[in-house]
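Have a look at the structure below, then the notes.
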Amino acid sequence: MLQIYNTLTRQKEYFRPLHEGRVGMYVCGPTVYGDAHLGHARPAITFDLLFRYLQYLGYKVRYVRNITDVGHLEHDADEGEDKIAKKARLEQLEPMEVAQYYANRYHHDMEALNVLPPSIEPHASGHIMEQIEFVQKILDKGYAYISNGSVYMDVEKYAQDFHYGKLSGRNLNDIQTDTRELDGQDEKKHSYDFALWKKASPEHIMRWHSPWSDGFPGWHMECSAMGCKYLGEEFDIHGGGMDLIFPHHEAEIAQSCAALGHDTVRYWMHNNMITIAGKKMGKSYGNFITLQQFFKGEHQLLSKAFSPMTIRFFILMAHYRSTVDFSSEALEAAEKGLARMQEAYTRLMSLKAADKTTIELTNLKELCIEAMDDDLNSPIVISHLFDSARAINTIYDGKATISSEDLTALQTTWKTFVTDILGLRMEDTAGADNGKISAYKGAVDMLLTMRQQAKQEKDWAKSDYIRNQLTALGFSIKDKKDGFEWSL
RNA sequence: GGUACCUUGCCCGAGUGGUUAGGGACCGGUCUGCAAAACCGGGGACAGCGGUUCGAAUCUGCUAGGUACCUCCA
């Protein structure tokens, strides 16, 4: 039975959905004002893994992942101007044009990583009404106040009736001592009060009408409003990066409890961060690498380009609650490991069954399920698959045989876990086979057939020449007992 | 300063109180005209110091080092 680590209780819990056979999950998506980087890949892949596994378990899953295109406030010299608006002004574009541009690029990168699209991908800008209504509910319940056209959460009042800080383990006293300078500070009763609705300054170009002012919703409002709209007042899983625990998710809990009088989320899940050469990756650190840079190898820290599947595999090789450190060396190791797995996969699918099985096969399927049930332990799943790969290679080498029944079961398990659950694309890069590709394949086969003949005639010079030339072009040639094998 | 967490072999990275994680690299062997691939074998690890225990990398205390959050960020 699936266990997942709940940040709220800080322990693994058996997962029991609110409604039999159905799961509602919400994951914080990207703010679309820049290209997707590694930090976006981690939660996308982590929760894609969960999405896929829940479906494998037979649940009907509604997976909501938002697009933040209203922009969170940017806290720097450009007081109160939101990120999308700032970028739009710099690039002389409509704010929505910027958001659309980066949303498209995000989707493109996610597709490359084989991240399945969520069931619903709501845009914050398309749910201003819902957010206004949500703010109004909080006001009606008396947990918010209006100040100079903006609406703020009255955290102190809220904390009298609910437990503020239960997700992050903070208490109001701690937070109170850490005062800081922030726009609109003097409008608030307390420094820890946060904006539910913000009045727009005159130069602020992203703005909407509301009962309180022309402005825009607060930082955390969209997730409360859209989660509630599409998943209901109570739903199963809410995910995101660990850096969102405070204040973002803490504020979400407060908003929802204030408006609805009860908790909304039952299981909070958080993926850990990514570091680059031991250092945190962040916009303000200038050491973040976009996914496109990975795919193209265009970054000083990268020795070469890394395919999307290598990135995915590398992320899955670590457990989602561990930090994972990116380095060219580690990625190259992952790349080779993935190639080994791909090789075993291809071989498995081409194996011929014999009368009986003469090799000990582990109960791979049960082992993989056990690992996944243990809080999505993908590294363990991968290690079981590698164990299985050794057996497959032994059979492939003709040193053992496998029965038809065992072979079918093994093929099914591999396909299920490698392709469907881990989401690793295993088919040849030449996915769409058209005439051109088969012609080129035929040409390579022909060259290698010529090499076979040369070998039989012990014409090593000719034989090596063909192999060396093809190797230089990027082919990898492997001789077999009675034939050859090649790949690009 | 407050809160949470981490420290595993050359590198990445799992881990249940007692039994081989796995991958990469490396070394040796088998196979091969030579390679490549594959297979077999190999070495080595649990930050330091105490405690609990028959037994701890795994529980506990302290020390050292590191990371994240508290501020936009995945």
Side-chain angles (χ1 to χ4, degrees), chain A residues 7 10 27-31 33-34 36-46 71-76 82-83 165 168-171 173-178 180-182 192 219 239-248 250 270-275 278-285 288 313-314 317-319 321-327 329-341 343-344 347 371 374 377-387 389-390 392-394 396-400 455 458-460 463-464 467-468 471 476-481 484-487:
Chain A
T7 309
R10 306 208 177 269
V27 173
C28 290
T31 302
Y33 68 99
H37 52 78
L38 269 184
H40 293 101
R42 187 101 196 255
I45 289 171
T46 297
H72 291 168
L73 279 176
E74 194 157 56
H75 164 54
D76 60 13
D82 85 34
K83 285 177 175 176
S168 57
R170 281 158 221 272
N171 62 62
N173 291 335
D174 291 340
I175 301 168
Q176 192 163 27
T177 52
D178 302 313
R180 58 196 150 75
E181 290 305 313
L182 197 66
Y192 44 68
W219 305 5
M242 275 187 183
D243 55 336
L244 296 178
I245 291 174
F246 191 90
H248 183 56
E250 198 71 75
H270 293 93
N271 63 274
N272 213 320
M273 301 292 102
I274 277 168
T275 54
K279 290 285 174 191
K280 179 200 179 185
M281 185 179 68
K283 292 178 181 33
S284 50
Y285 292 72
F288 69 92
F313 187 67
F314 182 67
M317 268 180 29
H319 187 256
R321 282 190 291 114
S322 301
T323 54
V324 62
D325 189 51
F326 269 70
S327 63
E329 197 185 5
L331 276 168
E332 283 176 41
E335 186 175 51
K336 286 176 186 166
L338 178 62
R340 183 174 155 82
M341 183 170 284
E343 186 84 352
R347 288 176 173 181
D374 185 14
N377 201 329
S378 54
I380 294 293
V381 172
I382 291 170
S383 81
H384 289 319
L385 288 166
F386 275 121
D387 283 339
R390 194 172 299 131
I392 291 167
N393 284 326
T394 302
Y396 182 79
D397 279 353
K399 290 170 184 161
K455 279 176 68 181
K458 297 202 189 301
D459 183 352
W460 307 131
S463 153
D464 287 353
R467 185 176 64 196
N468 292 341
T471 303
S476 132
I477 314 298
K478 295 170 195 167
D479 284 359
K480 303 255 309 164
K481 274 202 166 50
F484 53 82
E485 207 178 79
W486 64 270
S487 58

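In what follows, chains carry the letters A, B, and so on, assigned in the order in which the sequence lines appear, proteins first and then strands, with residues in each chain numbered from 1.
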What is the distance, to the nearest angstrom, from the [atom1] atom on [X] to the [atom2] atom on [N]?
X	N	atom1	atom2	value
A:Asp243	B:U67	CG	P	17 Å
A:His384	B:G23	NE2	P	12 Å
A:Phe386	B:A38	CZ	P	11 Å
A:Asp387	B:G15	CG	P	16 Å
A:Asn271	B:A68	CG	P	15 Å
A:Met242	B:A68	CE	C1'	9 Å
A:Asn272	B:A68	CG	P	10 Å
A:Met341	B:G22	CE	P	13 Å

(request) List the steps, then state whether side chain to side chain donor-acceptor pair (under 3.5 Å) holds for A:Asn272 with A:Thr323. (result) CA-CA 5 Å; A:Asn272 213 320; A:Thr323 54; 5.2 Å; no

Contact class for [X] vs. all strands (heavy atom < 4.0 Å): base, sugar-phosphate, or nothing?
X	answer
A:Thr275	nothing
A:Met273	base
A:Ile274	base
A:Gly39	base

If I pick the [atom1] atom on [M] and the same atom on [N], what distance separates them, to the nearest angstrom?
N	M	atom1	answer
B:G48	B:C6	C1'	16 Å
B:C31	B:C46	P	38 Å
B:G13	B:C69	C1'	25 Å
B:U58	B:U7	P	11 Å
B:A21	B:A74	P	38 Å
B:G18	B:G33	P	49 Å
B:C5	B:G61	P	12 Å
B:A45	B:G15	C1'	13 Å

(message) Using heavy-atom distances to pick each residue's nearest nucleotide on RNA chain B, tell me which of A:Arg10 and A:Asp374 is more 5'.
(response)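 By nearest-heavy-atom nucleotide position, the 5'-most residue is A:Arg10.
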
Output the distance between atom [atom1] ([X]) and atom [atom2] ([Y]), rounded to the nearest 0.5 Å.
X	Y	atom1	atom2	result
A:Arg340	A:Arg390	CZ	CZ	6.5 Å
A:Asp387	A:Ile382	CG	CD1	12.5 Å
A:Asp397	A:Ile392	CG	CD1	12.0 Å

Which atoms form the tightest heavy-atom contact between [X] and [Y], and what is the distance?
X	Y	value
A:His319	A:Arg42	O-NH2, 2.9 Å
A:Phe314	A:Ala334	CD1-CB, 3.7 Å
A:Ser463	A:Lys455	OG-CG, 3.5 Å
A:Ser383	A:Ile380	OG-O, 2.9 Å

(message) How would you summarise protein contacts on nucleotides 9-14 of chain B per nucleotide, using B for base, S for sugar-phosphate only and - for none, with heavy-atom distances below 4.0 Å?
(response) --SSSS

(request) Could you encode protein contacts along nucleotides 32-37 of chain B as a string, one character per nucleotide from 5' to 3', using B for base contact, S for sugar-phosphate-only contact and - for no contact, with a heavy-atom cut-off of under 4.0 Å? (result) -BBBBS

(request) Please name all residues satisfying ring pair (Phe, Tyr, Trp, His ring centres under 6.0 Å) with A:Phe313, sequence neighbours left out, ordered by chain then number. (result)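 Not a single residue meets the ring pair (Phe, Tyr, Trp, His ring centres under 6.0 Å) criterion with A:Phe313.
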
(request) List for me each residue that meets ring pair (Phe, Tyr, Trp, His ring centres under 6.0 Å) alongside A:Tyr396, sequence neighbours excluded, and say none if there are none. (result)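 Checked A:Tyr396 against ring pair (Phe, Tyr, Trp, His ring centres under 6.0 Å); zero matches.
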
(message) Tell me every residue that passes side chain to side chain donor-acceptor pair (under 3.5 Å) with A:Asp374, counting only those two or more places apart in sequence or in another chain.
(response)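 Side chain to side chain donor-acceptor pair (under 3.5 Å) check on A:Asp374 returns A:Lys12.
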
(request) Salt-bridge test for A:Lys336 and A:Glu332: reply yes if a basic N is under 4.0 Å from a carboxylate O, no otherwise. (result)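 No.
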
(request) State whether a side-chain donor-acceptor pair under 3.5 Å links A:Arg321 with A:Asn271. (result)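 Distance-only check fails for A:Arg321 and A:Asn271.
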
(message) Check this one for me: any side-chain N or O of A:Arg340 less than 4.0 Å away from OP1 or OP2 of B:G23?
(response)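 Answer yes for this pair, as a side-chain N or O of A:Arg340 is under 4.0 Å from OP1 or OP2.
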
(message) With hydrogens left out and only the distance checked, is there a donor-acceptor pair under 3.5 Å joining A:Arg390's side chain and the base of B:C39?
(response)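 Side chain to base: no pair present.
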
(request) Report the stems of RNA chain B as range-with-range entries sorted by first number; a stem here is at least three consecutive pairs, Watson-Crick or G-U wobble, both distances under 3.5 Å, and write none if there are none. (result)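 The stems are B:1-7 with B:64-70, B:10-12 with B:22-24, B:26-30 with B:38-42, B:47-51 with B:59-63.
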
(request) Please determine, for the side chain of A:Leu244, which listed nucleotide (B:G24, B:A74, B:C39) has the closest atom? (result)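 That would be B:A74.
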
